[in-house]
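Keep in mind that what you see is a predicted model, and the values were worked out from it rather than measured.
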Amino acid sequence: MTSIKSLRWLMRKKSGLSDGGKSSFKIKQLPFMALLCTVMLFIVYRTTKYQYHQEEIDKKWSFWGQPKVYPSTSGKLKGLPRGIIHADSDLELRPLWSRSSSRSKASVSSNRNLLAVPVGIKQKQNVDVMVQKFLRENFTIILFHYDGTVDGWLNLGWSSQAIHIVAQNQTKWWFAKRFLHPDIVSIYDYIFLWDEDLGVEHFSPSRYVEIIKQEGLEISQPALDPNSTEIHHRITIRARTKKFHRRVYERRGSTRCSDSSEGPPCTGFVEGMAPVFSRAAWYCTWHLIQNDLVHGWGVDMKLGYCAQGDRTKNVGVVDSEYVFHKGIQTLGGSGHRMTKRQSGTGIDVRTEIRRQSTWEFEMFKERWNEAISQDKNWVDPFKSDQRRIRKRRDTKHVTI
């Protein structure tokens, strides 16, 4: 019995030693585990901070306020480090040299706007008055010379401050599509794409910009003086008692405009002679302009789709800053009205241009309808509004 008790005592002692050894090993592991957890937390923290830092850099690189999205073709740039890639440009003139003291200083202007005008030498005097007003307000000026004449402008004091682009017998929309790409004009808050025959006696660029900023007008135009030589749409006529307006009321003629009207030409509409676009609206509009339909007919009726939201709110006409539309025919106008064919017979250039414009208008409408039929995922943002308005109107009628 004594030997059996002794054996049991020895077994319990060994068991105690074994448990104690395990406990001792676990205690020794605790500092190591704490150190490992600390290292892991530090790695997670550094990774998260790096990702956040990269996102902030991407946002700074993007003029549109969104993180930069690299296109699928970015593989062509794989030989370059990402930080050296400069994917956009501008229309700012740069000096050939500068003083050493100013080289490190970045010439950044907080309020940059662009005026782009197709011009011919016959309208030099009117354009001179217009450009001088805009230059005083720190606008960048680009002139599209459709008549091939540039030397005649060089005696104007501001000529060297403007950018001159020459292409014979090309339209405003042809120039805009080729030289105002969104990546080129992304630094500008607003793009004024105007005709050359606008009188600016009652127009202040700075006050105009202040109004459209305050009212959130993504697409706008200055109102037309009621005495203008040429007016096509009632909504563009100046309302003397208003600062701006978004819609017009018309009860006569074929076009009826009322509170229930939700589209052009009653609301959400500006005309093509003096449109002004925000940066975001121009990004959309540039893609809407058809490369080969150079007269731009029909585009003004669809500009509301580029208003970055509700066109009845984001598109408007500014009354307090208005212009006088002289309605001067430029391309194919006076001096170029008749042109001889090889056969010797004459053609009326203005008539041919109007025929071409009409054909382009029909072509633009066909492309729009075809695009809608092909894009099954596209939903017309304004059709639902129209259905809702009709339903509300029908409900009121039934109630009455």
Side-chain angles (χ1 to χ4, degrees), residues 91-93 112-180 184-185 188 190-209 220-225 227-232 236 270-277 282 294-296 318 321-337 350 353:
L91 294 168
E92 300 303 293
L93 299 173
R112 285 179 170 170
N113 301 295
L114 174 69
L115 171 67
V117 189
V119 300
I121 195 65
K122 292 182 179 180
Q123 302 305 318
K124 178 180 176 180
Q125 183 176 356
N126 191 67
V127 174
D128 180 26
V129 175
M130 181 190 300
V131 169
Q132 287 193 55
K133 270 209 169 185
F134 280 84
L135 276 177
R136 287 196 293 267
E137 306 290 353
N138 199 33
F139 273 66
T140 296
I141 309 295
I142 178 169
L143 301 183
F144 300 130
H145 297 273
Y146 60 78
D147 61 353
T149 302
V150 178
D151 290 349
W153 297 82
L154 300 182
N155 62 345
L156 296 175
W158 50 262
S159 181
S160 62
Q161 300 177 55
I163 297 170
H164 302 266
I165 296 178
V166 186
Q168 192 82 24
N169 288 331
Q170 299 305 312
T171 69
K172 175 168 71 174
W173 302 106
W174 184 92
F175 282 110
K177 186 67 172 179
R178 285 150 185 82
F179 299 104
L180 299 182
I184 301 296
V185 299
Y188 304 105
Y190 293 98
I191 294 94
F192 288 62
L193 188 57
W194 282 19
D195 287 353
E196 62 184 332
D197 60 341
L198 301 175
V200 293
E201 181 182 354
H202 303 286
F203 183 84
S204 165
S206 59
R207 286 199 294 268
Y208 184 91
V209 169
S220 63
Q221 75 161 79
L224 302 183
D225 188 311
N227 297 316
S228 293
T229 305
E230 194 171 89
I231 297 176
H232 300 120
T236 63
V270 299
E271 201 172 356
M273 94 276 290
V276 178
F277 304 92
W282 177 248
V294 297
H295 290 284
V318 177
E321 304 302 320
Y322 61 99
V323 297
F324 185 94
H325 187 211
K326 300 180 180 181
I328 299 173
Q329 301 294 344
T330 51
L331 285 173
S334 58
H336 298 278
R337 189 167 183 81
R350 287 304 307 171
I353 289 176

Can you tell me how far apart CG (Leu224) and CZ (Phe324) are? Round to the nearest 0.5 Å.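 Leu224 CG to Phe324 CZ: 10.0 Å, rounded to 0.5 Å.
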Over 60° means perpendicular and under 30° means parallel, so classify the ring planes of Phe192 and Phe139, tilted if in between.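 Plane angle over 60°, so perpendicular.
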Mind checking whether Trp194 and Phe134 have parallel, tilted or perpendicular rings, split at 30° and 60°?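 Plane angle over 60°, so perpendicular.
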Side chains of [X] and [Y]: does their closest heavy-atom pair fall under 4.5 Å?
X      : Y      : answer
Asp147 : Lys122 : no
Glu321 : Pro222 : no
Phe175 : Leu180 : no
Leu198 : His325 : yes
Val318 : Val276 : no
Phe179 : Ile184 : no
Trp158 : Arg136 : no

I'd like to check the salt bridge (Lys or Arg N to Asp or Glu O under 4.0 Å) partners of Asp195; sequence neighbours left out, ordered by chain and number.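 Residues passing salt bridge (Lys or Arg N to Asp or Glu O under 4.0 Å) with Asp195: Lys172.
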Looking at [Y], is its backbone amide N or carbonyl O close enough to the side chain of [X] to form a donor-acceptor pair, meaning the two atoms are under 3.5 Å apart?
X      : Y      : answer
Trp153 : Leu143 : no
Tyr208 : Gln221 : yes
Thr229 : Gly327 : no

Can you give me the closest heavy-atom contact between Val200 and Lys133, atom names plus distance?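 Minimum heavy-atom separation between Val200 and Lys133: O-NZ, 2.6 Å.
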Is there a side-chain hydrogen bond (donor to acceptor under 3.5 Å, both in side chains) between Tyr146 and Glu196? Walk through the geometry before answering. CA-CA 11 Å; Tyr146 60 78; Glu196 62 184 332; 2.4 Å; yes
Among Thr140, Ile142, Leu91, which residue meets the side chain to side chain contact (heavy atoms under 4.5 Å, CB included) test with Val185?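 Exactly one candidate clears the test, Leu91.
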Sort out for me which residue in Gln132, Lys124, Gln125 forms a side chain to side chain donor-acceptor pair (under 3.5 Å) with Asp128.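 Of the listed options, the one satisfying the test is Gln132.
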